[in-house]
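Below: the structure, in structure tokens.
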Number of protein chains: 2
Amino acid sequence: MLWERAREPHAHRWSLPGGGLGGTEDVEASIRRQLAEKVDVTQLSHVEQLAVFSAPDRVPGPRVVATAFLGLVRSDTDPVVPSDTAWHPVDTLPATAFDHEAICRRARHRLASKLSYTNLGFALAPPEFTISALRSLYSAALGYEVSATNLQRVLSRRGLLEPTGAVAPVGPSGGRPAALFRFVSRQMRVTDPFAVLRPPSSRNLGT
Amino acid sequence: MLWERAREPHAHRWSLPGGGLGGTEDVEASIRRQLAEKVDVTQLSHVEQLAVFSAPDRVPGPRVVATAFLGLVRSDTDPVVPSDTAWHPVDTLPATAFDHEAICRRARHRLASKLSYTNLGFALAPPEFTISALRSLYSAALGYEVSATNLQRVLSRRGLLEPTGAVAPVGPSGGRPAALFRFVSRQMRVTDPFAVLRPPSSRNLGT
DNA sequence: CAAGTTTTCGCCCGGTAGGCGAAAACCTGG
DNA sequence: CCAGGTTTTCGCCTACCGGGCGAAAACTTG
């Protein structure tokens with residue numbers, strides 16, 4: 001989500017939301033405040049620090065050090081945003097201000113990595129979804145197609161998915177109705193990645 | 001590596017090395033400069049941003065926002081450090097100043113994670129080593145024992161290890177002389193973690 | 001009821017981690 | 001020089017997991 005700058009520097013280029021750090025808040029509280037005040041995004045499903053961007057000349061004028069965040073909203077939320085603000089596909093960004101394109105690339109890479117080796121998917125998916133819908137979400141976020149069969153198997157084996165029992169209404173072209181799933185609520189915070197050199201004689205999967 | 005504070009605040013407590021950001025450097029250049037100037041650590045085998053610590057009251061007095069780094073030196077380097085500075089096992093830290101214990105815990109966790117799912121081991125190991133020595137390094141960093149057999153297999157299968165052909169001198173209690181290995185130089189930068197949801201029909205391991 | 005569409009599931013394959021024990025290769029003491 | 005002890009190395013087995021494929025299931029429309 002970017003907003004189009006009206007004034008110099010970098011007028012008419014697109015910029016990430018953000019702003020200065022207040023005296024009584026930490027950086028995470030600050031970015032949550034900025035998003036709530038400026039673009040009315042309050043339903044963040046996941047927020048994590050990305051990196052500090054601190055090149056001396058990253059913005060003209062006085063030195064500005066930025067702490068960049070990765071913030072996710074569920075695919076079924078559609079916050080109202082100001083008229084100068086819009087969503088952009090991360091693969092086809094418009095001309096961006098400052099180093100914001102590099103920040104977006106980093107965020108995209110972080111998202112793809114964490115989707116693969118943690119349970120971060122819950123932050124993108126709506127409360128209930130079909131495997132096909134989840135496959136689309138993962139494919140979009142990862143940047144390549146994944147198999148619905150394999151996605152369901154991997155997430156199920158990790159104990160992240162559970163069927164709701166209901167089925168989704170069928171589309172206009174027919175087909176077998178898809179079963180609805182949800183992420184198990186106990187796992188709705190980001191877990192550690194799968195460790196490959198495990199402690200002896202313990203299985204830390206399947207819990 | 002911590003240094004003992006002589007003055008208030010938090011006199012006699014132990015503190016991470018660091019300091020203010022200069023006007024013409026970014027944060028990574030700054031921490032490298034601090035380590036080189038203050039404690040003569042110039043042989044960093046790996047440096048990465050850890051997180052920003054920005055609680056308003058994390059230090060008394062004026063607001064200080066810290067960008068914490070994870071910095072590694074190879075196990076065979078022993079930089080000379082000032083008299084007020086010493087190495088401490090991360091499991092038995094002395095009383096630390098400010099929030100530095102939390103920073104150390106985060107760094108330890110990051111190190112253990114990356115050792116498991118990337119090739120970061122090269123940053124800890126000397127140029128040549130036996131599997132037993134490497135096993136000790138990994139066990140110390142991870143906090144639990146790993147099997148030498150499995151460690152060698154996993155790292156070899158990823159194409160990270162290669163034998164030098166030489167063998168190490170035997171110890172005082174005899175035993176079969178251990179073969180020496182090195183990390184293959186082509187892999188001496190941190191690679192992406194192993195992706196578990198791969199693009200269709202491609203093997204992105206073994207390259 | 002036939003043809004088409006979409007989802008679901010079972011089956012197989014290969015690759016990978018983990019564990020175990022035998023064999024190899026050295027030492028020292030008798 | 002051989003027996004016993006020590007450490008490393010290697011082969012074998014098992015369990016598990018990701019990936020692929022195709023058949024069956026369950027719906028639609030004509």
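Everything quoted here is computed from the prediction, not taken from an experiment. Each chain gets a letter, A, B and so on, in the order the sequences are listed, and its residues count up from 1.
One atom, CG of A:Leu151, and another, C1' of D:dG19, lie 13 Å apart when rounded to the nearest Å. C:dT8 atom P lies 12 Å from atom CG of A:Leu161, rounded to whole Å. Taking atom CZ on B:Arg176 and atom C1' on D:dG4, their separation rounds to 18 Å, with Å as the unit. Following rounding to the nearest Å, B:Arg135 (CZ) and D:dT9 (C1') show an atom-to-atom distance of 15 Å. Per the geometry, OH belonging to A:Tyr138 stands 12 Å off P belonging to D:dG18, to the nearest Å. Rounded to an integer number of Å, the gap from CZ of A:Arg157 to P of D:dC17 is 5 Å. Between the P atom of C:dC9 and the CD1 atom of A:Ile131 lies a distance of 9 Å, rounded to the nearest Å. In this structure, the CG atom of A:Leu160 is 11 Å from the P atom of D:dG18, given to the nearest Å.
Phosphate proximity of D:dT7 to B:Ser173: present, with a side-chain N or O under 4.0 Å from OP1 or OP2.
Here A:Ala179 lies in heavy-atom contact (under 4.0 Å) with sugar-phosphate atoms only.
Place A:Phe181 and B:Asn150 on DNA chain C by their nearest nucleotides, and A:Phe181 ends up nearer the 5' end. Of the two residues contacting DNA chain D, namely A:Thr149 and B:Ser132, the nearest-nucleotide position lying further toward the 5' end is that of B:Ser132.
Under 4.0 Å is where a charged nitrogen must lie from a carboxylate oxygen, and between A:Glu4 and A:Arg13 no such pair does.
In terms of heavy atoms, A:Ala140 sits closest to A:Arg108 at O-NH2, 3.1 Å.
Tested against A:Phe129 for a ring pair (Phe, Tyr, Trp, His ring centres under 6.0 Å), the candidates A:Phe122, A:Tyr138, A:Phe183 yield a single pass: A:Phe183.
A distance below 6.0 Å separates the ring centres of A:Trp14 and A:His88.
Side-chain atoms of A:Arg153 come within donor-acceptor range of the base of D:dG20, with a qualifying N/O pair under 3.5 Å.
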